[in-house]
Amino acid sequence: MDNQKARKSGDSWGEYRPQAFETKWQVDWEEKKLYRAEAFTNKPKYYCLDFFPYPSGEGLHVGHCRNYVPTDLISRFKRMQGYNVLHPMGWDAFGEPTEQFSVSHGIHPRVSTDQNTANFRRQMAMIGASYDWSREIDSSKEEYYRWTQWFFLLLFKRGLAYRDTNWQWWCPTCQTTLSSHEAPGGVCWRGHKGITKREIPAWYFKITAYADELLSGLDDIDWPKKIVAMQRNWIGRSEGFEIDFPIDVPQGVGGSKLTVFTTRPDTLYGATFFVLAPEHSLVDEISQSDQHAEVNAYREQASRQSEIERMVESREKTGVFTGGYVINPLNGERLPVWIADYVLPGYGTGAIMGVPAHDQRDMEFARKFGIEVRQVILSSSVPESDHQNPEQAYSGEGYLINSGPFDGLPTQLAIRQIGNSLEQISAGRRAVQYRMRDWLISRQRYWGTPIPIVYCPSCGTQPVPEDQLPVRLPDMKDFLPDGRGRSPLARVEEFVHTICPVCGEPAKRETDTMGGFACSSWYYLRFCSPDFHKGPFDPTEMQYWMPVDLYVGGAEHAVLHLLYARFWTKVMVDEGLVPFREPFSRLLSQGQMIGLDGQRMAKSRGNVVTPDKVVEAYGADALRVYELFMAPFDQDVDWSNEGITGSWRFLNKVWYLFRETYYESEHSGQVDAELEQRLHRTIREVTERIQNLRFNTMISVLMEFVNFLAENQKQDTHRTSTFHHALEVVLILLAPTAPHICEELWHLTNHDGSIHQHAWPEWDPEKARDEFIQVAVQVNGRLRGVVEVVVGADRDEVIEIARSLAKVSQYVAENAIADYIYVPGKILNIITAK
Ligand code: ANZ
Ligand code: ZN
Ligand code: ZN
């Protein structure tokens with residue numbers, strides 16, 4: 001810093017009034033195209049992406065900022081570190097909410113989408129987000145959705161898109177089918193009650209073909225454990241056996257069989273009955289005539305239950321005997337065949353062997369209908385006193401009893417040997433099952449990507465040729481469904497009637513549109529080359545930018561969106577389109593913002609705080625500091641009005657530190673060794689904490705350092721060159737967090753260019769070397785140990801280290817903690833609740 005230039009009179013600065021300069025800088029950054037990503041520079045690349053937001057009519061609230069502020073900080077930080085950063089934004093604009101919004105406001109979805117995205121853009125600029133707006137995309141625009149259709153054709157060509165008629169959830173309010181995940185608990189995901197099942201032809205994507213790859217890929221990515229577990233659970237892979245039970249036909253020819261899927265073939269000797277799902281295709285064949293009436297009545301009743309209801313474990317078991325029997329292939333026993341709704345049609349083979357002693361649902365069923373409960377597994381832990389609770393099935397491992405030649409075998413060995421025996425007599429085979437179902441893509445709605453398929457009376461189902469894309473969404477004024485279960489597009493004659501691409505004769509178009517998850521399954525690729533016309537993305541740009549280095553968004557999309565996007569990526573790999581198997585290397589999900597009423601912040605709950613209000617009162621930087629400082633990034637947090645004031649006060653302190661010290665004094669040229677050490681440690685701590693996404697403690701480090709400088713300033717030891725250098729560095733370190741105030745101070749202190757283009761400071765490891773001190777740890781005033789901590793470690797860190805002490809962890813585990821009293825650098829006293 002040039003000492004001469006630094007002389008400037010303090011009174012031109014005034015008070016800290018962020019409203020006076022924040023917008024000015026936002027406009028300046030945009031004009032200077034500061035945040036444009038440019039491919040093929042010799043810088044390393046960094047792709048930092050937010051989940052694709054749906055541009056709601058309500059706009060952003062401060063809860064959303066918990067997503068956008070941290071990714072903005074990371075993007076700014078990476079740019080200063082010399083990366084070529086891609087930080088784009090776009091809109092997941094197709095979908096029912098937009099349609100509903102349009103209806104209730106009496107505007108066309110195209111118009112409302114444009115209005116809403118404009119508002120989002122404004123709000124994002126207002127909080128200082130550094131998006132590269134030259135890459136903005138909108139999934140409801142023709143330039144985008146023609147490529148969504150292109151991907152549909154790719155899936156079709158590879159045999160991964162098919163049409164089938166199935167029972168599906170139908171929401172009478174939304175007037176569309178719902179995929180199973182959109183009907184959790186038998187309620188439409190938008191809260192509508194009274195959904196029913198309908199048999200409807202629809203398009204599906206065969207995601208199940210990639211089940212194993214979707215599982216194994218989870219090993220190669222840096223994602224939160226919880227989300228990986230949710231993905232695994234959703235895919236739900238089970239290894240087991242299929243076992244054939246011949247149907248017992250007293251008179252006449254046999255040969256038919258019923259097959260079960262079981263994970264426990266070792267319990268085969270304990271099977272005392274057999275159950276088919278009421279929907280099973282062989283129910284009619286097995287039912288005896290005197291049972292027909294009862295069987296049919298039960299089937300009718302079962303069809304009205306939701307799958308979710310049927311899966312509830314505690315439900316009273318119901319069922320009907322069919323009159324038929326099957327034969328246990330290993331011991332020849334005759335088992336009565338029932339139908340019961342706790343057996344689901346869509347899983348395994350839709351049939352089970354009932355082993356009441358070792359499966360709780362089977363136990364409840366057997367008790368209700370007076371069926372024998374036969375124990376075949378003895379728990380190994382308590383061999384002699386193995387008195388089983390007569391109402392509680394033992395589903396663990398152990399040793400076989402009552403199992404003929406297999407008696408005495410431990411579970412795992414028994415599974416293998418019984419499996420081998422079944423294989424030898426061709427009555428069983430190894431099998432793998434997945435809970436995941438194929439992806440239902442059809443929606444009978446207007447505001448979505450039209451499915452590019454044509455039905456010809458002579459040529460059948462034909463894909464629309466690539467060079468005829470896009471299949472344009474016709475402009476409809478009255479686009480609501482008419483209650484007949486068809487897509488509104490079916491009413492547009494010019495749309496429906498077309499020419500068969502194969503024979504040139506009249507044909508009809510598919511009128512369903514695609515569910516929104518199709519649009520968001522590839523958008524991350526579009527950002528690499530948003531204006532590319534020859535394909536969904538430019539292969540060279542894609543090679544440069546992909547995969548996404550950091551992907552951040554809410555946990556509510558942790559299963560489906562991520563699974564679908566991973567699925568499309570794997571299809572693209574197989575087609576030779578992309579070289580990476582996983583699109584998102586690192587994933588994070590931010591915690592939620594809880595409103596003042598203790599509920600998750602949401603417009604529908606009326607507890608929303610908008611960034612507009614906060615920025616107006618405190619400025620964007622205070623909001624940003626607050627969002628980052630209030631809690632660890634991934635934890636839920638309560639909105640607090642005091643908290644935002646605290647953040648503002650911190651920035652105010654920064655402002656006055658500069659105003660009152662820096663330019664009213666010249667430095668002496670002297671070096672302050674102690675300050676230098678602190679400075680280098682601060683650089684290291686801030687850098688590492690940003691890298692480890694510990695934004696809240698990163699800000700504490702900066703606050704502490706600013707306080708230290710302010711103290712020095714009062715003691716008038718601020719004339720050293722070290723002090724002046726430290727001030728400059730503080731500004732750079734704070735710039736990604738509070739970009740406006742730092743830019744303003746940067747210019748007030750006569751620096752040229754934008755601070756956001758300044759290089760990130762380095763630290764000297766020698767100078768930053770840690771010094772340790774000992775802190776005594778007490779529990780309720782009694783000494784329990786001593787821990788070594790780094791000088792300057794904050795309270796939370798000391799608590800964390802202290803809690804892991806063996807003598808302390810015991811107290812912590814057994815008692816609730818009432819308080820921690822920390823005397824910095826000396827004593828931590830843990831007070832337990834009494
Ligand atoms: C006999 C048995 C004995 C079972 C035992 C369990 C314990 P996962 O792990 O989820 O794959 N099952 C199979 N198909 C079913 C269906 N369509 N509806 C309801 N239940 C079904 O579960 C596999 C087990 O779930 C299978 O193993 C079967 O019950 C049941 F001591 O077979 B088991
Ligand atoms: Zn609905
Ligand atoms: Zn034809």
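Whatever order the structure lists ligands and atoms in, that order sets their numbers, starting from 1.
Angle ND1(H192) to the Zn ion (ligand 2) to SG(C188), rounded to 10°: 110°.
With L258 as the fixed residue, the side chain to side chain contact (heavy atoms under 4.5 Å, CB included) test singles out one of I243, I327, I247, L335: I247. When each of I401, N402, L400, D407 is paired with L378, the side chain to side chain contact (heavy atoms under 4.5 Å, CB included) condition holds for I401 and for no other.
Contact annotation for R435 and ligand 1: only side-chain heavy atoms (C-beta onward) come within less than 4.0 Å of the ligand. By the criterion of a heavy-atom distance under 4.0 Å, both the backbone and the side chain of T263 are placed next to ligand 1. When heavy-atom distances to ligand 1 are checked against a 4.0 Å cut-off, T262 comes that close through both its backbone and its side chain.
The nearest heavy-atom contact from the protein to atom 19 (C) of ligand 1 is Y342 O, 3.5 Å. The closest protein non-hydrogen atom to atom 20 (N) of ligand 1 is R361 NH2, 3.6 Å. Given atom 10 (O) of ligand 1, the protein heavy atom at minimum distance is Y347 OH, 3.6 Å. Of all protein heavy atoms, the one lying nearest to atom 31 (F) of ligand 1 is H358 O, 3.0 Å. Remark: minimum distance from atom 13 (C) of ligand 1 to any protein heavy atom is reached at F261 O, 3.3 Å.
Heavy-atom proximity to atom 15 (C) of ligand 1, evaluated over L344, I377, I352, is greatest for I352.
Ring centroids of Y564 and F205 are separated by 6.0 Å or more, keeping the two rings apart.
Counting only N and O atoms by type, the side chains of S102 and S112 include a donor and acceptor under 3.5 Å apart. There is no side-chain donor-acceptor pair under 3.5 Å between Q149 and T449.
Ligand 1 places these atoms under 4.0 Å from at least one heavy atom of T267: 3 (C), 31 (F).
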